[in-house]
Number of protein chains: 2
Amino acid sequence: MRRDIFQAIADPTRRAIIAIIAIQAMTPNAIAEHFDTSRQAISKHLRILSECELLTKKQEGREIYYQLQIEKMKEIDKWLNQFRKIWESRFSQLDNLLSTIKNNKK
Amino acid sequence: MRRDIFQAIADPTRRAIIAIIAIQAMTPNAIAEHFDTSRQAISKHLRILSECELLTKKQEGREIYYQLQIEKMKEIDKWLNQFRKIWESRFSQLDNLLSTIKNNKK
DNA sequence: TATATTTGCAACCAATCGGTTTCAAAATAA
DNA sequence: TTATTTTGAAACCGATTGGTTGCAAATATA
């Protein structure tokens, strides 16, 4: 069961959950109220998000508060870094085009 | 067929293709040489990446060069911005924990 | 012309995904 | 104690995914 952060954020519902939890820790029931789907479906999403360590649980009585591990989000940022270098150095699509033609001619 | 950039980068092979193309535009055959899967499978990935405008084609004779639209990658960066604000303001997990408890008490 | 190369598309397949309903466990309230 | 609330897990389902093989179109080469 390969489960990484990129697969986790692929689903729009999960991205919405992340955005909601980012502001404040919440219980599954409270989260589910924001969506049209069932509580169980949200619970499944929470499980997936937890599995790749984007969320942590905090039990309080019979309620469980899910909290976003914002640090984990930096992994995406880290992956983007390799491209950030490029989009900062390429100032126009024309530059990009010309360099490609040059490379092809080799 | 909902196809967005987040779904596009969910697959590890597609992320690898993006990284390869980022350096230099390439033909499907040249790209496929980097992987164990068939050329057709890579072709399918290229189609998906093209559909969400991450790649553009440039025909040269019977060869087709695929080029990364690095601008499109900024969309991920843009989405990350909402969380960047948070991880820059939260200096420790302790701060995070305390604010959550405070909110729950309300 | 005939042949080889490069590519995309269609059909098919097993595995996974996101959803549902049902049920059980644990904590709280009456 | 006996409900009620909150939650997760299991079983199931249709749709989608990522892969395969086979084929056809277009370009380049002999």
Side-chain angles (χ1 to χ4, degrees), chain A residues 1-21 24-68 100 103-105, chain B residues 1-21 24-68 100 103-105:
Chain A
M1 204 178 293
R2 57 159 172 78
R3 191 143 277 165
D4 59 53
I5 197 169
F6 293 101
Q7 206 208 342
I9 64 165
D11 183 82
T13 303
R14 282 198 289 270
R15 286 200 301 279
I17 291 174
I18 290 172
I20 290 169
I21 301 274
Q24 182 181 344
M26 269 185 172
T27 65
N29 269 338
I31 297 163
E33 280 173 15
H34 291 79
F35 301 93
D36 285 334
T37 60
S38 69
R39 178 192 60 77
Q40 286 88 340
I42 298 297
S43 200
K44 270 188 158 190
H45 285 305
L46 292 174
R47 187 166 179 262
I48 289 167
L49 291 169
S50 299
E51 273 176 7
C52 58
E53 297 173 313
L54 266 169
L55 301 185
T56 50
K57 302 181 196 180
K58 196 154 56 89
Q59 187 116 19
E60 294 201 5
R62 67 183 162 194
E63 292 178 330
I64 299 175
Y65 284 85
Y66 280 86
Q67 185 166 42
L68 180 64
T100 305
N103 282 326
N104 293 344
K105 286 275 167 59
Chain B
M1 202 177 295
R2 58 161 173 76
R3 191 142 280 166
D4 59 54
I5 196 170
F6 293 100
Q7 207 209 341
I9 64 164
D11 183 82
T13 303
R14 282 198 290 271
R15 286 200 302 280
I17 290 174
I18 290 172
I20 290 169
I21 301 276
Q24 182 181 345
M26 268 187 172
T27 65
N29 269 338
I31 297 163
E33 281 173 14
H34 291 80
F35 301 92
D36 285 334
T37 60
S38 68
R39 178 192 60 76
Q40 285 91 337
I42 298 298
S43 201
K44 271 188 155 189
H45 285 305
L46 293 174
R47 188 166 179 261
I48 290 168
L49 292 169
S50 298
E51 271 175 9
C52 59
E53 297 173 313
L54 266 168
L55 300 185
T56 50
K57 303 180 196 181
K58 197 154 55 87
Q59 186 115 24
E60 294 200 5
R62 68 183 161 191
E63 292 178 330
I64 299 175
Y65 283 84
Y66 280 85
Q67 186 167 41
L68 180 64
T100 305
N103 283 325
N104 292 345
K105 287 275 168 62

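Every chain is numbered from 1, with letters handed out A, B, ... down the list of sequences.
Side-chain atoms of B/K44 stay outside donor-acceptor range of the base of C/dG8, with no qualifying N/O pair under 3.5 Å. Put simply, the side chain of A/R62 and the base of D/dT6 share no donor and acceptor less than 3.5 Å apart. Applying the 3.5 Å distance criterion, the base of C/dT22 shares a donor-acceptor pair with the side chain of A/Q40.
Put simply, B/S43 has a side-chain N or O that comes within less than 4.0 Å of OP1 or OP2 on C/dG8. Taking 4.0 angstrom as the limit, A/T27 places a side-chain polar atom (N or O) nearer than this to OP1 or OP2 of D/dT7. Proximity of A/Y66 to the phosphate of D/dT6: no side-chain N or O atom is located under 4.0 Å from OP1 or OP2.
The side-chain contact (heavy atoms from CB on, under 4.5 Å) check on A/S43 picks up nothing, with sequence neighbours excluded. Under the side-chain contact (heavy atoms from CB on, under 4.5 Å) criterion, B/A41 pairs with B/T37, B/S38, not counting sequence neighbours.
Rounded to an integer number of Å, the gap from CZ of B/R47 to P of D/dG19 is 15 Å. Regarding A/N29, its CG atom lies at a distance of 11 Å from the P atom of D/dT5, rounded to whole Å. Nucleotide C/dT6 holds its P atom 17 Å from the NZ atom of B/K57, rounded to whole Å. Whole-Å rounding puts the A/R3 CZ to C/dT16 C1' distance at 9 Å. Separating the CD atom of A/Q7 from the P atom of D/dT16 is a distance of 17 Å, rounded to the nearest angstrom. Remark: P of D/dT21 and CZ of B/R39 are 12 Å apart, rounded to the nearest angstrom. The CD-P distance, from A/E63 to C/dA27, rounds to 13 Å in whole Å. Computed from coordinates, the B/R14 CZ to D/dG18 C1' distance equals 8 Å when rounded to whole Å.
Taking every heavy atom of both residues into account, A/L68 and A/L54 meet most closely at CD1-O, 3.3 Å.
Within the nucleic acid shown, B/F35 has no heavy atom closer than 4.0 Å to any nucleic acid atom.
With salt bridges taken as basic N to acidic carboxylate O contacts below 4.0 Å, one links A/D4 and B/R15.
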